[in-house]
Amino acid sequence: MRADLLLDEVEGLDEALAAVDGFDAVLLGGLLRPQPAQAVGLSGLADAVAGTPLASRVAEAAEKTSAGGGDEGHFVALAAARTALLGSVHDALVARVDEVTGRPVADTAGAAAGAGEDRTGNLLVAARGWLCDLARAGWQGIDHELVGGAAPVVSAMLPDPAQRRLATLLDGFAAELAACCPGAALERVPVRRWADLWARALLLTLPGAASAPVVDAVSGRLLPLGVDVQEHATAVQAQVHAVFEPADGGASRLVRASVSAPKPDTVVGAGLWQLLRPHMSLLAAVGEGRAVELDAMPLTAEGDLLWDDARARAGEPADAFTTARVALPAAAACAASPLDRYPARIAVPVLVEGYGVADAEEVAGEVVLDVAGCRLRVDTDRIPAAGPLTPEAVASSGACLGLLRWDAGEFLLQPLAVERTVRKKPVAVHAGAWAGGTTDKAGVRAEKAATEAVTVLRERAGKLLRK
């Protein structure tokens, strides 16, 4: 791993992000009557995509919108330009990661969307109209009446599985905006986040944008590397990163398998596994350190396994660090779909060894690894409380298996597992060690508390349903 490349400047990166920031600032005040400063942000976005197939449409959209005459088509063009710029940033960073790891370059041919139904109904038009009204008002101009306009659209969309992806996005976006109304009273606005949600939702209203992904049935051996746990107050998701070795002897690939579940806010720590385990046997294999044999398991072109327990069986013991040292260097990543090309989505499994740890006082309490003279900051905030891995364990380790991410202008390392020397022997500590069950005292206590909380909630829910 050539860690020094992580610190090298990526050509054009700052300029692309500056153009995105300029446009995001325009959405703050709204597009109904743009001020001169907003016109600069619009023209900057148009200049950033000059020379691309979007150039003429975005230039027209920027000009019309600056004059206060922008319509839905113009707003869609601006959202597309913004998304394309962030996609180019994603591609440049992924190319840099490919250089760092020296792995095979991802095959972009598989990233095309599958054939899907062109949904041109009134609901998409209504959703697009609401999003355009938001853009005209700007984040500082939102109120409960405007935000509430999404409710009937979401209610009508949810029963249709083909429209549920957009409906869920609109529902969450509207709820977040409603919690911040009125916009004029906001002291701090999450400008980038709301612009991300707005642009993505707007593009999903276009026919074919939410087409079903290309899916293939694959058989072979799955070698888990680690689990990324993502927790919210009302939901939890576990995403397993692994190396897949096809049974036909084809090239190995990096894949993911995810499971999510709703949760009460009283279930935390190791108790989260109780909510997730019934849905995926892979978690048991991760906790036990085993491979999984797959038989015709659905796999999307983007590298996501659509997990089906009936198509999987536990295999032989498989140590994650052995997999990282032997199989990971030859495994190629799958290409991201067009709308998923976004810098914050980068999560590339890497193995880092032979590093030192910077002085804690020198880095204000953070964990920073010194890899061949290059500093790589550890994203300790992403270490889940649902396992035995801690920042202290990372700081005292000699090898770290993690996900290379990019955030706020720098590459970060999210630990999935580390190797430490205990009594002259290497001992592995995994973030997902408790996924299949645990005898650890802290883990047992958390699971017991979770069991009691879930039992009580199920009883109450049962009583309400009987009424």
Side-chain angles (χ1 to χ4, degrees), residues 1-8 90-111 218 220-228 239-257 285-286 289-294 299 301-305 315-336 345-355 369-374 376 378 394 397-406 411-419 426 428-432:
M1 175 172 164
R2 292 205 44 199
D4 58 304
L5 293 176
L6 296 177
L7 303 180
D8 289 351
H90 168 278
D91 293 349
L93 293 171
V94 168
R96 175 57 52 87
V97 171
D98 289 338
E99 290 183 68
V100 170
T101 60
R103 291 185 202 146
V105 177
D107 179 12
T108 57
V218 297
R221 184 170 67 156
L222 190 71
L223 301 169
L225 294 167
V227 186
D228 176 20
Q239 187 173 71
V240 178
H241 291 260
V243 174
F244 172 67
E245 297 179 336
D248 60 7
S252 59
R253 284 180 277 178
L254 287 172
V255 298
R256 302 172 297 267
V286 171
R290 289 184 173 276
V292 183
E293 299 295 333
L294 306 183
L299 175 67
E302 291 78 36
D304 290 298
L305 290 166
E316 297 296 319
D319 177 68
F321 280 93
T322 300
T323 298
R325 293 182 175 110
V326 177
L328 182 58
C334 297
R345 291 181 61 92
I346 295 173
V348 181
V350 294
L351 176 64
V352 184
E353 298 183 279
Y355 51 79
L369 306 184
D370 186 342
V371 186
C374 301
L376 180 61
V378 175
V394 178
S397 65
C400 181
L401 173 56
L403 299 175
L404 194 61
R405 294 186 176 274
W406 190 87
F411 283 101
L412 306 174
L413 181 66
Q414 175 192 344
L416 299 178
V418 297
E419 270 189 348
V429 183
H430 296 263

* Mind checking the CG-CD spacing from L401 to E419? Nearest 0.5 Å is all I need. => 9.5 Å
* Asked: Any side-chain heavy-atom pair from V100 and V350 closer than 4.5 angstrom?
  -> no
* Asked: What pair of heavy atoms forms the shortest contact from A331 to S252, and how long is it?
  -> CA-OG, 3.5 Å
* Can you tell me if R405 uses its side chain to pair, donor with acceptor, with the backbone of A347 under 3.5 Å? -> no
* Structure fact -> Between P329 and A324 the two heavy atoms that sit nearest each other are CD-O, 3.4 Å
* Asked: For the atom pair NE2 (H241) and CG (L403), what is the distance rounded to the nearest 0.5 Å?
  -> 4.5 Å
* Determine whether V94 and I346 make a side-chain contact, defined as any pair of heavy atoms from C-beta on separated by less than 4.5 Å. => yes
* Asked: How far apart are the closest heavy atoms of A291 and L223, and which atoms are they?
  -> CB-CD2, 3.8 Å
* Verify side chain to side chain contact (heavy atoms under 4.5 Å, CB included) between E316 and R290, making sure each step is shown before the conclusion. => CA-CA 6 Å; E316 297 296 319; R290 289 184 173 276; 5.5 Å; no
* To do: First locate atom OG1 of T323, then atom CG of L222, and finally report the distance between them rounded to the nearest 0.5 Å.
  => 9.5 Å
* Between CG of D98 and CG of L5, what distance do you get to the nearest 0.5 Å? -> 11.5 Å
* Hey, are the side chains of L413 and V394 touching, using non-hydrogen atoms and a 4.5 Å cut-off? -> no
* **Evaluation steps, side chain to side chain contact (heavy atoms under 4.5 Å, CB included), between V371 and L6** => CA-CA 11 Å; V371 186; L6 296 177; over 6 Å; no
* **R256 side, atom CZ; L299 side, atom CG - distance, nearest 0.5 Å** => 9.5 Å
* Donor-acceptor under 3.5 Å (Y355 side chain, A372 main chain) -> no
* To do: For residues L225 and A320, report the shortest heavy-atom separation together with the two atoms involved.
  => O-CB, 3.6 Å
* To do: Check whether any side-chain N or O of R96 sits under 3.5 Å from a backbone N or O of D8 as a donor-acceptor pair, and report yes or no.
  => yes
* Report the C-alpha distance between L328 and R103 in whole Å, list the side-chain angles of each, state the deciding distance to 0.1 Å, and finish with yes or no for side chain to side chain contact (heavy atoms under 4.5 Å, CB included). => CA-CA 8 Å; L328 182 58; R103 291 185 202 146; 3.4 Å; yes
* Would you call V97 and W406 a side-chain contact if the rule is heavy atoms closer than 4.5 Å? -> no
* Structure fact -> Note: A428 and F321 closest approach over all heavy atoms is CB-CE1, 4.0 Å
* Asked: Going by heavy atoms in the side chains, are V378 and L412 under 4.5 Å from each other?
  -> no
* To do: Determine the minimum heavy-atom distance between A301 and C334, stating which atoms define it.
  => O-CB, 3.4 Å
* To the nearest 0.5 Å, what is the distance between CG (L7) and CG (L376)? -> 8.5 Å
